[in-house]
Peer 1: 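Dropping the structure in here first, questions after.
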Amino acid sequence: MSMSVGSTPQDGSTAIDWRAEELLVATIADMLEGVRHVAVGASSPIPGAAALLAQQRAGGRMRVSVLGSERDNFFTDGARELFDCAAQGRIDAFFLGGGQIDGAANINLVGIGAYPRSRVRFPGSFGSAYLYFLVPRVILFRVEHSPRVLVPRVDFVSAPGTSPEHYYRPGGPYALVTGRCIFLFDKERRRFRLASVHPGHTLAEIREQTGFDFDSPEAVPQTAVPTRKTLDEIRHVIATKIARTYPAFAAHLFDGVPGGTG
Amino acid sequence: MSMSVGSTPQDGSTAIDWRAEELLVATIADMLEGVRHVAVGASSPIPGAAALLAQQRAGGRMRVSVLGSERDNFFTDGARELFDCAAQGRIDAFFLGGGQIDGAANINLVGIGAYPRSRVRFPGSFGSAYLYFLVPRVILFRVEHSPRVLVPRVDFVSAPGTSPEHYYRPGGPYALVTGRCIFLFDKERRRFRLASVHPGHTLAEIREQTGFDFDSPEAVPQTAVPTRKTLDEIRHVIATKIARTYPAFAAHLFDGVPGGTG
Amino acid sequence: MVTAARAVARGASGMIQNETQVPVETIDELAARVPDGAQLAVPPDYSGCAMAAVRALIRRGVKALHLVGVPQVGFQGDMLIGAGCVATLETAALTLGEYGPAPRFVSAVKSGHLRLKDSTCPVIHAGLQAAEKGVPFMPLRGVLGSDLLEQRDDWRVIDNPYRMTKEQDPIVLLPAIRPDVALFHAALADRQGNVWIGVRRELMVMAHAARTTLVSIEAFTDDDLLADDRLAAGTIPALYVTAIAEAENGAWPVGLRGCYAADRSHLQRYVEVAATAAGFARYVDEYVGG
Amino acid sequence: MVTAARAVARGASGMIQNETQVPVETIDELAARVPDGAQLAVPPDYSGCAMAAVRALIRRGVKALHLVGVPQVGFQGDMLIGAGCVATLETAALTLGEYGPAPRFVSAVKSGHLRLKDSTCPVIHAGLQAAEKGVPFMPLRGVLGSDLLEQRDDWRVIDNPYRMTKEQDPIVLLPAIRPDVALFHAALADRQGNVWIGVRRELMVMAHAARTTLVSIEAFTDDDLLADDRLAAGTIPALYVTAIAEAENGAWPVGLRGCYAADRSHLQRYVEVAATAAGFARYVDEYVGG
């Protein structure tokens with residue numbers, strides 16, 4: 001996907017340029033405030049950069065594990081350790097995507113069409129059916145925001161968004177972040193509530209591009225654009241770390257941005 | 001305990017000297033024939049020496065693990081590995097002792113008197129309640145052969161000698177080796193059968209010193225004394241290994257025996 | 001640091017010689033040990049993949065494998081499926097990561113020629129741990145309400161016998177996974193057959209759980225891997241190793257931690273070529289042979 | 001061996017700085033973190049015993065501990081019991097090995113002042129693994145028909161839900177053991193708080209399972225233990241470590257693998273002196289203080 005560059009005047013300051021990716025990084029970093037340990041997939045550069053930014057803001061007092069990475073992963077008990085660690089309550093936040101995501105926060109990582117002969121087959125459920133239950137703050141992240149992805153009901157529930165009250169489930173969905181907006185998940189109502197719309201997008205567009213029904217405040221706020229301070233942090237501090245952890249992403253993101261590869 | 005030195009003429013050969021410990025080592029080594037992997041306690045020098053002898057006879061094609069030893073233990077998954085390994089069917093033989101042993105091969109490693117305020121308290125059951133179920137050839141070994149140890153019914157069953165037919169129990173008692181004799185365990189009859197009496201001991205003495213009832217053939221054979229070849233192996237080959245693995249025992253056993261510390 | 005140095009320099013070698021030799025074979029001999037119909041466990045692309053052995057398996061035309069990804073599988077899975085070696089696929093995912101959808105897997109799913117046992121990572125780990133512990137099953141949190149559970153008649157739900165709550169506390173039970181064969185690649189083995197896997201500990205669980213463990217390695221060392229605790233801590237003892245084949249670059253085109261990176265251009269080319277069955281056949285002709 | 005050398009010389013250090021510091025404390029500060037009444041897990045004499053911290057615990061007069069031997073316990077147990085610190089003892093054994101019966105333990109058993117939860121090694125390992133996996137229980141083979149089972153109302157027997165047999169297949173379920181505190185001694189830690197334990201992997205399970213993990217070490221290293229796979233393979237990540245105290249010879253008079261042997265004459269003397277309560281009190285005066 002390609003993402004736009006915005007130029008937004010900030011309260012009382014001169015206009016600054018930011019990229020859509022930077023907005024997402026800043027937004028997700030906000031959601032990680034107070035988190036002690038966040039795990040991120042190796043091929044999740046935006047959540048990964050957000051985690052690094054949140055770690056930076058926490059003065060380093062946050063652990064970031066990059067799964068599947070040879071280097072940024074401090075596990076020493078094999079591939080199962082992530083899951084055991086989550087079950088021990090030692091992972092506060094995690095990211096999940098979805099080939100399909102529905103309005104009850106169910107996610108489908110298996111395929112489209114009737115299982116098992118999926119018309120479109122995705123890789124599989126990975127650890128979703130487990131981590132979604134055990135990690136308190138699961139952020140669903142999918143840049144593509146279309147009726148193809150955000151469906152009324154997923155064709156296959158890799159991991160359910162909600163469970164009966166009496167189930168053991170310390171974890172679950174916290175938010176759904178897309179290229180157009182932010183939804184927060186309302187655990188009481190078991191459905192999403194639109195929290196903010198990214199600059200350049202509209203509520204009408206989001207209704208049209210979302211296959212599921214969701215709640216919305218009367219006046220929908222705009223997603224806060226990254227502050228100059230945040231952009232400086234991303235470009236001058238995080239960029240170096242990002243480049244080492246997600247080189248391809250960093251090359252794409254910081255190409256031509258001054259100081260970006262710091 | 002102190003053990004005697006015997007001098008027994010062998011068929012057609014001149015008399016040779018052997019120690020009681022050597023008889024036990026040789027006897028137990030015979031019981032380990034065909035075993036692929038035997039585990040031995042760190043403070044079990046006689047079974048340990050027997051395992052080394054059996055390994056030697058097998059041309060090295062037998063693994064010997066000395067538990068709790070820093071050096072002769074090839075486990076790399078922590079203290080649980082022995083037990084997992086047994087459950088996987090990878091340990092063919094093991095040794096257990098008992099503060100009390102009864103005629104149904106129940107063993108007591110907990111204490112004498114009513115639990116929990118044992119009149120005589122032993123260290124505890126260790127892994128017996130598990131390994132006795134899972135290791136096919138468990139050899140009970142206790143040099144002291146007295147009514148105090150070999151009782152009609154143990155005061156506390158650390159591990160039962162037998163289980164109902166339908167229980168999952170690939171393992172169990174194979175023999176009971178004492179300073180006076182060898183019993184083999186009869187799984188059908190669920191009781192011991194006297195197999196042989198060590199030179200210098202008698203059936204009458206064994207009946208008197210055994211607190212439980214046992215079966216006995218009409219003519220009880222004498223336990224075979226170690227052959228010259230076996231004694232040579234013990235004294236010239238095994239002794240070196242024993243000395244490294246069980247230094248105190250080796251010092252005791254081979255003190256004054258020619259070639260013993262080879 | 002004197003103490004520190006002492007701490008990691010144990011030095012003393014094992015006292016009891018366990019001279020049992022683990023057979024050293026060619027990669028084709030190793031592959032010949034995998035019978036048709038075997039339940040074969042393999043690691044993901046980020047762990048130690050015995051790619052040379054997988055090519056040998058395809059050459060020998062192994063059939064009807066029950067392939068288990070521990071907990072997921074990558075190129076090994078796509079190639080074995082493409083070559084018609086796999087009847088059943090049990091995995092949390094079959095993923096080629098950044099290289100995009102796995103072409104032969106996706107095609108086999110559409111054709112319905114593959115029996116799928118879709119799973120989730122911790123279930124596969126727990127199943128192997130159950131086999132490692134010799135227990136028939138393992139309980140696990142999560143998974144409830146997933147369609148994975150609907151599709152798997154071998155997963156059970158019971159009311160937690162240790163629940164502290166008044167209401168039911170459903171918990172999933174999973175059967176042990178005891179592979180007929182575990183197959184993986186590692187950097188090093190010693191002459192006794194001990195295999196060094198470092199922090200890639202899922203390989204150790206596989207070896208503990210499987211009936212037969214086949215390992216290809218980059219190279220032998222003449223040292224005793226169990227003699228130094230630094231290495232012993234990341235070593236699978238020979239007890240669990242059935243046979244070893246030396247295969248330099250044996251994980252190629254996938255990478256091997258600490259040794260070499262993935263051959264990205266080759267993997268990208270694979271994904272493009274294997275988009276069609278004919279293209280995959282050409283790839284096999286060129287790189288697998290047989 | 002070039003490849004071999006490469007294999008074990010990964011070299012590259014971690015990229016993401018996890019700067020979270022594990023507090024470094026005095027041995028008395030470490031001991032102060034163990035509250036009265038805590039369930040305290042400690043290793044056997046052959047593993048890493050934090051004897052200096054145990055002495056600190058006795059000095060501070062900790063009370064009503066639920067002491068768990070993983071899976072058994074030695075001198076630590078006898079001393080803590082002798083000093084009146086232990087209300088409940090859960091262990092597969094309390095053994096001083098070749099030194100003979102444990103005098104304060106045997107005396108406490110006779111007096112009835114100790115609540116005994118006699119166990120067996122694999123049950124304790126399985127209980128800790130259950131806590132490590134965040135499951136409420138673990139199944140285990142064996143144990144049936146043992147009086148241990150009779151005495152433990154927290155162990156259950158169910159019919160194996162996966163049995164293949166016509167008749168019942170009883171199997172034991174054991175509750176998770178989640179210690180409030182795991183306490184042990186290790187050779188090395190780095191400045192980030194990662195702790196090297198080599199092959200003494202029961203210490204890692206303890207750290208994973210416990211709510212709080214307190215570690216005394218021989219010395220710090222300025223290297224990053226996770227940067228080299230040789231050391232990382234035997235390292236508990238700082239994530240699981242609550243606090244560290246430096247204590248050279250911290251396992252004395254027990255030994256520490258790779259560092260020093262047990263002080264046999266001291267241990268022998270302990271057993272003789274501690275034969276009476278008065279003798280034990282003198283021992284405490286002399287060697288524990290407070």
Side-chain angles (χ1 to χ4, degrees), chain C residues 1-4 6-12 122 125-126 129-130 133-141 154 156 158 160-164 169 171 173 175-176 186-188 196-201 217-223 226 228-235 248-249 256-260, chain D residues 1-11 122 125-126 129-130 133-141 154 156 158 160-164 169 171 173 175-176 186-188 196-201 217-223 226 228-235 248-249 256-260:
Chain C
M1 281 305 298
V2 175
T3 312
R6 261 190 295 146
V8 293
R10 191 176 135 244
H125 293 306
Q129 282 185 284
K133 292 202 87 61
V135 291
F137 64 92
M138 196 72 96
L140 197 74
R141 287 302 190 179
D154 52 343
R156 309 273 167 80
I158 64 163
N160 169 18
Y162 288 88
R163 71 175 151 94
M164 311 274 209
D169 174 17
I171 188 166
L173 300 187
L188 268 187
W196 188 76
I197 48 120
V199 298
R200 292 268 48 108
R201 208 139 183 117
I217 58 163
E218 288 296 309
F220 279 102
T221 170
D222 291 325
D223 296 335
L226 298 182
D228 176 344
D229 273 6
R230 280 175 303 183
L231 292 170
T235 295
E248 206 178 334
N249 285 313
L256 182 65
R257 183 180 173 106
C259 290
Y260 44 84
Chain D
M1 281 309 296
V2 175
T3 311
R6 261 191 295 146
V8 293
R10 189 177 134 243
H125 293 306
Q129 281 185 284
K133 294 201 86 61
V135 291
F137 64 92
M138 196 70 95
L140 197 73
R141 287 302 190 181
D154 53 343
R156 310 275 167 80
I158 63 164
N160 169 17
Y162 287 88
R163 72 175 151 95
M164 311 275 210
D169 175 15
I171 187 166
L173 301 186
L188 266 188
W196 189 76
I197 47 122
V199 299
R200 292 270 48 109
R201 210 144 182 114
I217 57 163
E218 288 295 309
F220 279 103
T221 169
D222 291 325
D223 295 334
L226 297 182
D228 176 343
D229 273 6
R230 281 175 302 186
L231 292 171
T235 295
E248 207 178 333
N249 284 315
L256 182 64
R257 184 180 172 106
C259 290
Y260 42 84

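The structure displayed is predicted, hence computed values, not measured ones. Computed over heavy atoms, backbone and side chain alike; hydrogens, waters and symmetry mates excluded. Each chain gets a letter, A, B and so on, in the order the sequences are listed, and its residues count up from 1.
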Peer 1: Are C:Arg201 and D:Arg201 close enough, and set up right, to give a side-chain contact (heavy atoms from CB on, under 4.5 Å), and what steps lead you there?
Peer 2: CA-CA 12 Å; C:Arg201 208 139 183 117; D:Arg201 210 144 182 114; 3.1 Å; yes

Peer 1: Between chain D and each of C:Arg156, C:His125, C:Gln129, count heavy-atom pairs under 4.5 Å; write down the option with the most.
Peer 2: C:Arg156

Peer 1: Given the options D:Gly234, D:Pro136, D:Ala130, which has more heavy-atom pairs under 4.5 Å with chain C than any of the others?
Peer 2: D:Pro136

Peer 1: Are the side chain of C:Tyr162 and the backbone N or O of D:Ala176 linked by a donor-acceptor pair below 3.5 Å?
Peer 2: no

Peer 1: Over all heavy atoms of both residues, which pair between C:Ala126 and D:Lys133 is shortest? Give the atoms and the distance, please.
Peer 2: CB-CE, 4.2 Å

Peer 1: Side chain, backbone, both or neither: which part of D:Ile217 has an atom under 4.5 Å from a heavy atom of chain C?
Peer 2: neither

Peer 1: For D:Pro139 and C:Val135, work out which heavy atoms get closest and say how close.
Peer 2: O-CG1, 3.4 Å

Peer 1: What part of C:Ile197 is in contact with chain D, defined as an atom under 4.5 angstrom from a non-hydrogen atom: side chain, backbone, both or neither?
Peer 2: neither

